[in-house]
Number of protein chains: 2
Amino acid sequence: MKTVNMKRNHSIKRDRILELLQTTLEHPTADWIYERLKKEFPDLSLGTVYRNLRILLDEKKIITIRSAAGHDRFDADLSSHQHVVCEKCGKVVDILMNLDKSSLHRLEEKTGFSLASPRISISGLCRDCRLDKSES
Amino acid sequence: MKTVNMKRNHSIKRDRILELLQTTLEHPTADWIYERLKKEFPDLSLGTVYRNLRILLDEKKIITIRSAAGHDRFDADLSSHQHVVCEKCGKVVDILMNLDKSSLHRLEEKTGFSLASPRISISGLCRDCRLDKSES
DNA sequence: AATAAGAATAGTAATCATTATTAATTTTAT
DNA sequence: ATAAAATTAATAATGATTACTATTCTTATT
């Protein structure tokens, strides 16, 4: 039998990671979460953050946003929306495009990909990085 | 003075890397390019592939496609098009959506991002990975 | 409450893609 | 022909993420 439901004990730390993701408008990196929760749990380890993020991913409670900048980012907002991602610093901003369902379906047929809950990201340059051209 | 034009000597290997990218429909990884060109240049080193890819990126002759799967992929097709990316294996397929220019502009104003030549990628699951559910 | 089995953790080591370094070779301009 | 600059192979280093392990915490069952 195949269940995602691999019964797990409670974990206050995991709960707080999810809660933090759900209540922030940022799209935090693992590091950000770690720094943030270290105040609450001084013994927290970065490995624990990564491990729990992966568990939450398995449970489909969060998604990853992969940026051109080093760190992955995480999002607990599962509602249908899209992202604009800065290709220099990795900053992520939520957007809402109205997706034409039928053309999405045509895309699926053409490409053979399943785009059931497609993650769409548009990469550009955020204001800060644009002004900061000096050292590019 | 600020020029992208940092005069460079010729490099047969760099030329071949670009040519390979321009003539393939794949969106190769650095490894793929390395394996491919090693037949031509038995002394080729993977570092050389990466270094030249970055030079070509600086010169804006190619772009990177970052996939959820490990390796980055590269594309020398600079014409306006979009990508569907498999979130499991990283495979990339070109697509063409007609982008509403004015709504893109509205997005720029709302987000503060510059989307001059936006890279749009839609991630889903390719046919192979979909059928291959067994080991997920 | 006591306790044993399973889950979670901190701390650390390992991995893996990519980048930097370096000494040697190749290319270009003179 | 030759010196300066660019390129390279080989190797080491980096940095984000994952794996490992011995210990601690939870939970279910007496």
Side-chain angles (χ1 to χ4, degrees), chain A residues 3-19 27-59 61-74 85 87-90 92 136, chain B residues 3-19 27-35 37-59 61-74 85 87-90 92:
Chain A
T3 30
V4 185
N5 190 351
M6 37 189 80
K7 70 171 140 53
R8 290 198 162 104
N9 283 358
H10 271 222
S11 155
I12 283 188
K13 286 169 183 171
R14 183 154 63 243
D15 291 348
R16 283 293 294 130
I17 290 173
L18 179 57
E19 203 172 296
H27 300 75
T29 61
D31 251 331
W32 188 94
I33 296 170
Y34 172 63
E35 291 302 336
R36 199 75 188 291
L37 290 183
K38 208 161 53 172
K39 293 164 193 161
E40 236 165 279
F41 308 104
D43 65 344
L44 183 65
S45 131
L46 183 54
T48 296
V49 174
Y50 274 110
R51 184 169 32 76
N52 281 304
L53 284 171
R54 220 149 37 73
I55 289 172
L56 292 169
L57 280 168
D58 285 353
E59 296 175 343
K61 290 180 179 159
I62 63 173
I63 61 175
T64 325
I65 305 157
R66 186 146 262 245
S67 77
H71 297 73
D72 285 348
R73 284 159 180 271
F74 301 89
V85 184
E87 56 196 17
K88 196 162 166 194
C89 73
V92 175
S136 70
Chain B
T3 30
V4 184
N5 189 350
M6 38 189 78
K7 70 170 140 52
R8 289 199 164 104
N9 282 356
H10 271 223
S11 157
I12 282 188
K13 285 168 184 173
R14 182 152 65 243
D15 292 348
R16 282 294 292 133
I17 290 174
L18 180 56
E19 203 174 295
H27 300 75
T29 61
D31 251 331
W32 187 94
I33 296 170
Y34 172 64
E35 291 301 336
L37 290 183
K38 208 161 52 171
K39 293 166 192 162
E40 237 165 278
F41 308 104
D43 66 345
L44 183 65
S45 129
L46 183 55
T48 297
V49 174
Y50 274 110
R51 185 171 31 76
N52 282 303
L53 284 171
R54 220 148 38 72
I55 290 172
L56 292 169
L57 280 168
D58 286 352
E59 295 174 342
K61 290 179 180 161
I62 63 174
I63 60 174
T64 325
I65 305 158
R66 186 147 259 247
S67 78
H71 297 72
D72 285 347
R73 284 160 178 270
F74 300 89
V85 184
E87 56 197 19
K88 196 163 165 196
C89 72
V92 174

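Letters A, B, ... are given to chains in the order of the sequence lines, protein chains preceding strands, and every chain is numbered from 1.
- Both A/G47 and A/R51 lie near DNA chain C, and the one whose nearest nucleotide falls closer to the 5' end is A/R51.
- Using a 4.0 Å heavy-atom cutoff across all strands shown, B/D31 reaches no nucleic acid atom at all.
- We find that CG of A/L44 is positioned 15 Å from C1' of D/dT24, with the value rounded to whole Å.
- Per the geometry, CG belonging to B/L46 stands 9 Å off C1' belonging to C/dA17, to the nearest Å.
- One interatomic measurement links the two molecules: CD1 of B/I65 to P of C/dT18, which rounds to 13 Å at whole-angstrom precision.
- Note: CG (A/D15) to P (C/dA7) measures 17 Å, nearest angstrom.
- Salt-bridge annotation for B/K13 and B/D43: present, with a side-chain N of the basic residue lying under 4.0 Å from a carboxylate O of the acidic one.
- Contact check, A/K13 against C/dA10: a side-chain N or O comes under 4.0 Å of OP1 or OP2.
- Using a 4.5 Å cut-off on side-chain heavy atoms (C-beta onward), B/T48 and B/F41 make no contact.
- For the atom pair CG of A/L37 and CD of A/E19, the computed distance is 9.5 Å after rounding to the nearest 0.5 Å.
- What separates CZ of A/F41 from P of C/dG11 is a distance of 15 Å, to the nearest Å.
- The OH-C1' distance, from A/Y50 to C/dA10, rounds to 16 Å in whole Å.
- At a threshold of 4.5 Å between non-hydrogen side-chain atoms, the residues B/T29 and B/D72 do not count as touching.
- Note that the two end axes of the helix from C/dA1-D/dT30 to C/dT30-D/dA1 enclose an angle of 20°, each drawn from 5 base pairs, rounded to 10 degrees.
- A heavy-atom distance below 4.5 Å is found between the side chains of B/F74 and B/T64.
- Protein atom CG of B/L57 is 11 Å distant from nucleotide atom P of C/dT18, rounded to whole Å.
- Put simply, the side chain of B/L56 reaches to within 4.5 Å of the side chain of B/I17, judged on heavy atoms.
- When the nucleotides C/dA17, D/dT7, C/dT9 are ranked by their closest atom to the side chain of B/H71, C/dA17 comes out on top.
- Side-chain nitrogen and oxygen atoms of B/R54 include none within less than 4.0 Å of the OP1 or OP2 phosphate oxygen of C/dT18.
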Practice prompt. Any chance you could list the contact pattern along nucleotides 22-30 of chain C? Use B for base contacts, S for sugar-phosphate-only contacts and - for none, protein heavy atoms under 4.0 Å, 5' to 3'.
Written response: -----BS--
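- Residue A/D72 places its side chain closer to D/dT17 than to any other of C/dT18, C/dA10, D/dT17.
- At least one side-chain heavy atom of B/V85 sits less than 4.5 Å from a side-chain heavy atom of B/I65.
- Between A/L53 and A/I62, the closest side-chain pair of non-hydrogen atoms falls below 4.5 Å.
- Across all strands, B/N52 comes closer than 4.0 Å only to sugar-phosphate atoms, never to a base (heavy-atom distances).
- For A/R73 (side chain) and A/H27 (main-chain N/O), a donor-acceptor pair under 3.5 Å exists by modelled atom type.
- Taking each heavy atom of A/A30 and A/V49 in turn, the nearest pair found is O-CG1, 3.7 Å.
- What separates CG of B/L37 from C1' of D/dT7 is a distance of 16 Å, to the nearest Å.
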